[in-house]
Amino acid sequence: MAKTTSARPSLNERFAKKPTTLIPEADAAAPAPAAATAPAGGKGEERVQIIVRMTPAERKALRQIALDQDTTAQALAEEAIRDVLRRHGH
């Protein structure tokens with residue numbers, strides 16, 4: 001029996017790196033937009049990820065506070081960490 005080929009691409013083909021196209025010299029000389037080069041958060045500093053464990057009830061309360069204050073849980077966590085650092089002289 002002859003093996004039939006599928007019309008669907010394999011996973012390797014689907015997730016293979018796409019060839020890059022050359023940028024015209026006029027575009028290459030232009031500086032990148034500030035938003036594309038600035039780190040997340042716009043603080044001008046490199047950022048690292050940390051993992052925080054909490055109970056589901058604590059997470060729910062944090063999300064509710066963020067919703068009530070029209071912000072994100074991430075912003076609240078960063079604010080809390082900065083408060084602790086200030087309190088300890090950092």
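Keep in mind that this is a model prediction, so the values were computed, not measured. FYI, side chains are in, hydrogens and waters are out, and symmetry mates aren't considered; it's all heavy atoms of this structure.
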Applying salt bridge (Lys or Arg N to Asp or Glu O under 4.0 Å), can you list everything that pairs with Arg87, at least two apart in sequence or on another chain? none

Could you state the interatomic distance from CD (Glu78) to CZ (Arg47), rounded to the nearest 0.5 Å? 4.0 Å

Give the table of side-chain donor-acceptor pairs shorter than 3.5 Å for residues 49-67, with sequence neighbours excluded, one pair per line with atom names and distance.
| residue | atom | partner | partner atom | Å |
| --- | --- | --- | --- | --- |
| Thr55 | OG1 | Glu58 | N | 3.0 |
| Thr55 | OG1 | Glu58 | OE1 | 3.4 |
| Glu58 | OE1 | Thr55 | N | 2.9 |
| Gln64 | NE2 | Asp68 | OD1 | 2.8 |

Taking side chain to side chain contact (heavy atoms under 4.5 Å, CB included) as the test, write out the residues that go with Ala75, two or more places apart. Thr71, Thr72

Got a sec, which hydrophobics cluster with Val48, joining ILVMFWY side chains under 4.5 Å apart, including via others? none

Holding to salt bridge (Lys or Arg N to Asp or Glu O under 4.0 Å), I want the full list of residues that pass it with Asp83, two or more places apart in sequence or in another chain. Arg86

